[in-house]
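For reference, the structure discussed in these notes is given below.
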Amino acid sequence: MKKQLYLHIGYPKTATTLLQKHFYPKLEGLRYLGIRYGEGMRFSIPEQAVQALVYADRDQAATIGPEVSKKLYDSLREQPALLSLEKIVGSFFTPRRSGTDGWVWANPEAAADAIRSLFVSDLFDIKVIITLRKQTAALPSKYAQSFTSAYSKIPELETFTKFIDSVCSDPNSPVRRGYDFEQVILPFEQVLGRENLLILPYEVFAENPERFCMILTDFMGIKHNPDLVPTNRRENVRQGTGPGKQHSRATLWSQAGNGVKRFFPRFKLPRGGVFDLLRSIRSPWQADPGVIALDDESRKAIESVYADSNRRISSRYGLNLEQFGYW
């Protein structure tokens with residue numbers, strides 16, 4: 001008999017961290033596979049399987065899929081399982097450095113194939129949860145989150161002004177495509193089936209957390225417990241004391257670690273002594289992204305880019321996104 005497996009794959013900045021910390025681990029009638037915070041082992045599937053999903057590596061997923069699926073299947077009882085990994089969608093607009101290939105961006109088609117290959121259809125029924133957030137709110141938050149680790153190192157995206165100009169003016173921008181909900185959702189629909197997708201706007205959570213969580217538990221076929229609904233809504237918030245979003249700050253440790261990882265990938269920096277000091281000192285070479293906030297002109301330009309796509313996906317999934325200002 002097949003077993004039910006749910007994957008919450010993003011978008012980032014849609015209360016994913018809050019759900020992973022305070023909601024998913026407490027659900028009854030469901031085995032939570034991770035991501036878990038405050039634990040050494042963050043997932044209940046192998047790291048190479050996680051990497052195949054995050055990097056949308058079809059070949060790796062197909063190679064390890066039968067073994068990973070068999071072990072996971074045997075470890076589950078009759079209850080369904082849930083894996084939360086927003087980096088799957090996040091990899092569509094946050095690049096990774098890959099050796100001599102430079103910056104590499106994943107894509108939805110490959111990611112959907114990787115999911116289907118990793119969790120073989122003879123053993124699992126796959127259902128996917130995709131949480132959305134209107135682009136005018138999501139783009140500044142995501143830029144602030146990923147500025148130091150990625151965008152600051154790409155000349156075309158090294159300031160927020162350049163980042164938004166790229167989204168608005170370049171139809172081939174990976175960021176622009178990654179935030180086109182229609183382009184992202186349809187490949188998953190084609191591979192997994194429309195009936196196996198839940199598309200849920202973050203704005204529902206902001207307006208009514210209990211309703212948001214009830215929709216999730218109904219989709220996963222488990223009993224809703226209102227006592228488990230998170231009351232803290234400020235996990236991983238990027239709002240600074242000044243105007244705009246607060247970007248992640250580089251430290252001497254993080255910059256040293258990036259250099260070591262790039263040129264000596266197998267070497268691990270030790271802990272203690274001077275290395276702990278490096279962790280506490282902000283880098284004097286921290287890049288400046290400028291103010292991470294949309295002015296009225298930029299906001300209208302972003303809305304114009306995505307309005308038609310938002311309308312179509314809203315109609316297709318009965319989301320009524322207009323009420324939340326998606327256009």
Side-chain angles (χ1 to χ4, degrees), residues 1-36 43-45 53 72-73 76-90 108 111-112 115-116 118-119 121 123-134 181-182 184-230 233 310 313-321 323-324 326:
M1 182 178 68
K2 291 186 181 182
K3 296 183 179 179
Q4 197 71 63
L5 179 61
Y6 297 93
L7 279 77
H8 180 187
I9 65 173
Y11 277 67
K13 314 309 297 182
T14 58
T16 48
T17 302
L18 188 148
L19 293 169
Q20 291 159 355
K21 282 187 175 182
H22 305 294
F23 186 63
Y24 289 154
K26 300 177 183 178
L27 293 175
E28 298 179 0
L30 178 81
R31 183 178 171 193
Y32 182 49
L33 304 175
I35 188 172
R36 295 183 296 271
F43 296 95
S44 297
I45 62 173
L53 293 174
L72 179 59
Y73 184 91
L76 296 176
R77 298 182 179 178
E78 297 305 315
Q79 60 187 5
L82 166 67
L83 175 68
S84 182
L85 187 57
E86 74 272 19
K87 284 187 176 181
I88 294 176
V89 166
I115 289 172
R116 186 66 280 176
L118 186 66
F119 305 109
S121 57
L123 299 180
F124 292 103
D125 281 326
I126 304 294
K127 293 185 181 293
V128 167
I129 300 162
I130 302 178
T131 44
L132 311 179
R133 187 174 185 177
K134 62 183 176 183
F181 300 139
E182 185 177 42
V184 168
I185 291 170
L186 290 185
F188 288 96
E189 180 181 306
Q190 291 163 3
V191 172
L192 301 170
R194 182 174 172 181
E195 70 280 4
N196 293 317
L197 301 187
L198 172 65
I199 313 301
L200 184 55
Y202 161 81
E203 289 79 10
V204 175
F205 178 84
E207 183 180 274
N208 189 336
E210 183 170 345
R211 178 168 173 254
F212 183 94
C213 292
M214 183 180 294
I215 293 171
L216 284 174
T217 52
D218 284 351
F219 181 71
M220 293 185 287
I222 60 176
K223 184 178 179 181
H224 175 69
N225 183 349
D227 293 336
L228 300 182
V229 175
R233 304 188 200 178
N310 288 347
I313 214 67
S314 179
S315 175
R316 188 173 185 83
Y317 284 89
L319 300 177
N320 196 17
L321 296 179
Q323 69 172 316
F324 300 121
Y326 279 64

* Tell me, with the steps shown, if Leu5 and Leu76 meet side chain to side chain contact (heavy atoms under 4.5 Å, CB included). => CA-CA 10 Å; Leu5 179 61; Leu76 296 176; 5.7 Å; no
* Test Ile35 against every option in Gln20, Lys21, Lys87 by the side chain to side chain contact (heavy atoms under 4.5 Å, CB included) rule and name the one that passes. => Gln20
* Asked: When the ring planes of Tyr326 and Phe181 are compared, do they come out parallel, tilted or perpendicular, using 30° and 60° as the limits?
  -> tilted
* Check whether any side-chain heavy atom of Phe212 lies under 4.5 Å from a side-chain heavy atom of Val229, and answer yes or no. => no
* **Those residues that, when tested against Asp125, pass salt bridge (Lys or Arg N to Asp or Glu O under 4.0 Å) (two or more places apart)** => Lys2
* To do: Check the pair Arg316, Ile199 against side chain to side chain contact (heavy atoms under 4.5 Å, CB included), reporting the backbone distance first and the verdict last.
  => CA-CA 10 Å; Arg316 188 173 185 83; Ile199 313 301; over 6 Å; no
* Below 6.0 angstrom between ring centroids: does that apply to Tyr202 and Tyr11? -> no
* Does NZ or CZ of Arg194 come closer than 6.0 Å to the centre of the six-membered ring of Tyr317, within 45° of the ring's axis? -> yes
* Carefully, step by step, assess Lys26 and Asn225 under the rule side chain to side chain contact (heavy atoms under 4.5 Å, CB included). => CA-CA 10 Å; Lys26 300 177 183 178; Asn225 183 349; over 6 Å; no
* Closest heavy-atom contact between Pro12 and Gly90? -> CG-CA, 3.8 Å
* Asked: Would a 4.5 Å heavy-atom cut-off, applied to side chains only, mark Phe124 and Leu72 as touching?
  -> yes
* Evaluate the side-chain proximity of Leu228 to Cys213: yes if any heavy-atom separation is below 4.5 Å, no if none is. => no
* **Residue pair Ile115 / Val191, side-chain heavy-atom distance below 4.5 Å** => no
* Considering only heavy atoms from C-beta outward, does the side chain of Ile126 approach that of Phe188 to under 4.5 Å? -> no
* Kindly assign one of parallel, tilted or perpendicular to the pair Tyr24 and Tyr32, based on the angle between their ring planes and the thresholds 30° and 60°. => tilted
* Does a side-chain heavy-atom distance below 4.5 Å link Gln323 with Glu203? -> no
* For Thr16 and His8, does a side-chain donor sit closer than 3.5 Å to a side-chain acceptor? -> no
* Asked: Checking side chain to side chain contact (heavy atoms under 4.5 Å, CB included) for the pair Ile130/Ile9: CA distance, chi angles, key distance, verdict?
  -> CA-CA 6 Å; Ile130 302 178; Ile9 65 173; 3.9 Å; yes
* **Within 6.0 Å of CD in Glu28, more than 12 heavy atoms from elsewhere** => no
* **Flag side-chain contact, heavy atom, 4.5 Å: Leu198 against Leu216** => yes
* To do: Flag the pair Thr131 / Leu19 as yes when at least one side-chain heavy-atom distance between them is below 4.5 Å, and no otherwise.
  => no
* Heavy-atom pair with the smallest gap, counting every atom of Leu321 and Ser314 -> N-OG, 3.0 Å
